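Residues: numbered from 1 along the sequence shown. Here the structure is a predicted model, which means the values were calculated and not measured.
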Amino acid sequence: MGISKLLKKFDIKVIGKLTKEEQIILSDNVATKISNEFNYIDYAYIYTKLMRAKMYIAIIPEGITSAIYSYEEDTLFISDTEDINTVSKELLYECIHAVQDIRNRKGQIKQLGQCIFSEFKVYAMALNEASIQYIVAKIFNEEERYIEAYGIKVNTYSRNKYPLICNILLQLLFMSKEKTLVKSTIYSTDEFIIDGIEEIGETSYTSIQNNLDDMLYASEEIIGIKRLIKTKTEEGYLNINEYLNEIYQKEELIRKLYMDSQMSIFTMYFNRLYNRIQNLQDIQLYKNKLEDFKELIGFYTNENQEYFLQYYENYYKEKEEKLILKEAEIKRKNDLALTVISDNIIVQIFNKIKNNVNRILKKV
């Protein structure tokens with residue numbers, strides 16, 4: 001096979017193809033892990049997709065990854081140090097990429113899980129990466145926890161890889177179901193995206209999706225700059241202020257995009273949910289959801305910048321006051337309905353008595 005841009009970029013040296021027996025073992029292990037954790041995912045589908053995939057053993061430089069999937073070539077490269085019998089998190093992650101790959105008749109990629117490929121642009125790459133991270137975290141029993149990233153403290157299932165993006169996915173998942181997310185990610189369908197659009201509107205959802213992609217690109221650029229700083233330092237070039245300033249600007253961009261996305265999800269979802277309230281059960285559901293969402297809120301670690309927590313508290317108080325009025329209104333309507341029903345029953349009884357008396361009088 002030819003040397004691709006991916007192989008050149010990461011200095012990956014291909015050793016040879018996986019044997020048929022090795023591919024069978026790997027495909028079975030991955031399909032078993034996923035279908036055991038999510039019983040609505042078809043083992044045969046995953047196994048078949050992986051058995052059809054091109055897989056190579058390669059020498060991958062330390063510190064990069066133990067496996068990498070190239071969608072340009074529809075090929076999975078696995079480090080020669082990887083044990084296919086146990087399947088690491090990194091290998092599972094890249095195998096899911098191979099399962100997701102959907103192509104047209106010309107062999108051009110159309111979709112990779114949540115990620116959609118158009119003629120001019122790739123959409124929702126970050127959302128897809130976070131979705132795969134979610135599946136891997138579930139399989140390896142990794143619990144959600146608070147961590148700090150880019151000066152923001154968030155509850156996330158991914159401490160090292162795109163933690164802020166993964167937190168936003170949890171906020172989107174709050175409006176949908178895990179089953180919908182996992183099936184959309186594995187089978188490369190649009191159900192999870194459709195759920196999000198229904199809950200917060202297409203404009204808001206598209207904006208959040210684009211924000212996540214920009215966060216992903218910015219974080220990758222930061223990694224690249226840090227590698228460059230290391231190289232320059234080793235070469236004796238110590239004037240790195242311009243690089244540090246660039247990192248600061250990209251970190252600031254990530255923080256802004258994160259907060260904008262969180263604000264959009266929270267406001268649009270709870271405003272729409274409030275407008276759907278029709279009965280007392282809906283009011284209680286609204287209160288519960290509003291309280292539960294607080295566990296997903298990311299906030300600045302700088303005490304002087306707690307504006308979103310303040311926004312949440314103010315929003316909560318405002319809605320609490322409105323819910324009291326709405327509850328009273330619903331109770332009045334219920335009481336009125338009961339009164340009307342009661343009055344109708346009395347009228348019906350009176351009419352029945354009247355009719356009986358009239359029948360008796362006629363007989364006399």
Side-chain angles (χ1 to χ4, degrees), residues 4-6 9 30 34 38 41 45-46 49-50 52-54 65 67-77 89-138 157-158 161-173 175-176 178-197 200 202 204-221 223 254 257-258 261 265:
S4 68
K5 292 180 180 179
L6 181 73
K9 179 180 178 181
V30 172
I34 296 174
F38 308 103
I41 298 297
Y45 177 84
I46 298 170
K49 288 279 286 187
L50 289 175
R52 291 174 179 171
K54 292 179 285 186
T65 179
I68 188 165
Y69 178 74
S70 169
Y71 65 80
E72 291 95 341
E73 300 167 310
D74 188 16
T75 302
L76 177 64
F77 299 100
K89 287 186 287 186
E90 289 180 336
L91 180 53
L92 176 60
Y93 185 96
E94 297 301 330
C95 282
I96 292 174
H97 270 313
V99 171
Q100 293 178 319
D101 197 300
I102 303 293
R103 295 176 182 263
N104 60 23
R105 292 180 179 179
K106 295 180 179 179
Q108 298 168 326
I109 189 164
K110 292 172 52 184
Q111 196 156 343
L112 200 67
Q114 310 281 355
C115 183
I116 299 170
F117 292 76
S118 73
E119 185 178 355
F120 303 106
K121 189 176 178 181
V122 179
Y123 298 92
M125 181 176 286
L127 179 63
N128 188 55
E129 297 302 308
S131 299
I132 298 176
Q133 286 280 60
Y134 180 87
I135 291 171
V136 173
K138 280 285 184 177
Y157 51 87
S158 176
K161 197 169 186 178
Y162 316 129
L164 298 186
I165 295 172
C166 290
N167 171 264
I168 292 295
L169 177 66
L170 288 178
Q171 295 186 26
L172 293 173
L173 183 58
M175 307 181 298
S176 184
E178 179 184 85
K179 184 176 181 178
T180 304
L181 172 67
V182 175
K183 291 182 74 173
S184 294
T185 303
I186 296 294
Y187 296 133
S188 296
T189 61
D190 301 330
E191 280 81 1
F192 185 73
I193 292 174
I194 291 170
D195 273 5
I197 290 173
I200 62 176
E202 185 173 0
S204 294
Y205 192 89
T206 302
S207 176
I208 291 163
Q209 182 177 277
N210 292 337
N211 285 351
L212 295 181
D213 282 341
D214 289 342
M215 288 169 66
L216 175 69
Y217 301 142
S219 62
E220 292 295 333
E221 287 168 358
I223 293 172
I254 290 172
L257 292 170
Y258 172 84
S261 299
I265 292 171

Does D101 offer a backbone N or O that forms a donor-acceptor pair with the side chain of K49 under 3.5 Å?
yes
Distance (rounded to the nearest 0.5 Å) between I96 CD1 and E94 CD:
9.5 Å
Atom CD1 of I200 and atom CD1 of I208: how far apart are they, to the nearest 0.5 Å?
3.5 Å
Got more than 12 heavy atoms from elsewhere within 6.0 Å of CZ, R103?
yes
Should K89 and L92 count as side-chain neighbours, where that means a heavy-atom distance under 4.5 Å?
no
So for atom NZ, which belongs to K161, do other residues, nucleotides or ligands contribute more than 12 heavy atoms lying within a distance under 6.0 Å?
yes
Main-chain N/O of I194 paired with D190 side-chain donor or acceptor, under 3.5 Å
no
Nearest 0.5 Å please: distance from the CG atom of L169 over to the CG atom of L164.
13.0 Å
Minimum heavy-atom separation for A67 and L91, please, with both atom names.
CB-CD1, 3.7 Å
Go through the side-chain N and O atoms of Y134 and E178 and say whether any donor and acceptor fall under 3.5 Å apart.
yes
Nearest heavy atoms of V30 and C95, plus distance in Å:
CG2-SG, 3.8 Å
Any donor-acceptor pair under 3.5 Å linking the side chain of S188 with the backbone of Q100?
yes
Nearest 0.5 Å please: distance from the CG atom of D213 over to the CD1 atom of I165.
8.0 Å
If the test is side chain to side chain contact (heavy atoms under 4.5 Å, CB included), which one of L50, I34, V99 qualifies with Y45?
V99
Test log, rule side-chain contact (heavy atoms from CB on, under 4.5 Å), inputs I197 and Q209:
CA-CA 11 Å; I197 290 173; Q209 182 177 277; over 6 Å; no
Can you see which heavy atom on S219 is nearest to which on I254, and at what distance?
N-CD1, 3.9 Å
Just by distance, with hydrogens left out, do Y187 and Q111 show a side-chain donor and acceptor under 3.5 Å apart?
no
What's the separation between atom CG in L172 and atom CD1 in I193, rounded to the nearest 0.5 Å?
10.0 Å
Please work out which of the three classes, parallel, tilted or perpendicular, describes the rings of Y69 and H97, given edges at 30° and 60°.
parallel
For Q114 and S184, which heavy atoms make the closest approach, and how far apart are they?
NE2-CB, 3.5 Å
Specify the closest pair of heavy atoms between F38 and I135, including all atoms of both residues, with the distance to one decimal.
CE1-CG2, 3.6 Å
Value for CD1 (I168) from OH (Y258), rounded to nearest 0.5 Å, stands at 5.0 Å
Heavy-atom closest pair, residues I132 and Y93
CG2-CD1, 3.4 Å
Assess, by modelled atom type and distance only, whether the side chains of N167 and Q171 contain a donor and an acceptor separated by less than 3.5 Å.
yes
Using the side chain to side chain donor-acceptor pair (under 3.5 Å) rule, pick out the option among E129, E220, Q133 that qualifies with Y162.
E220
Is there a side-chain contact between V122 and C115 (heavy atoms, below 4.5 Å)?
yes
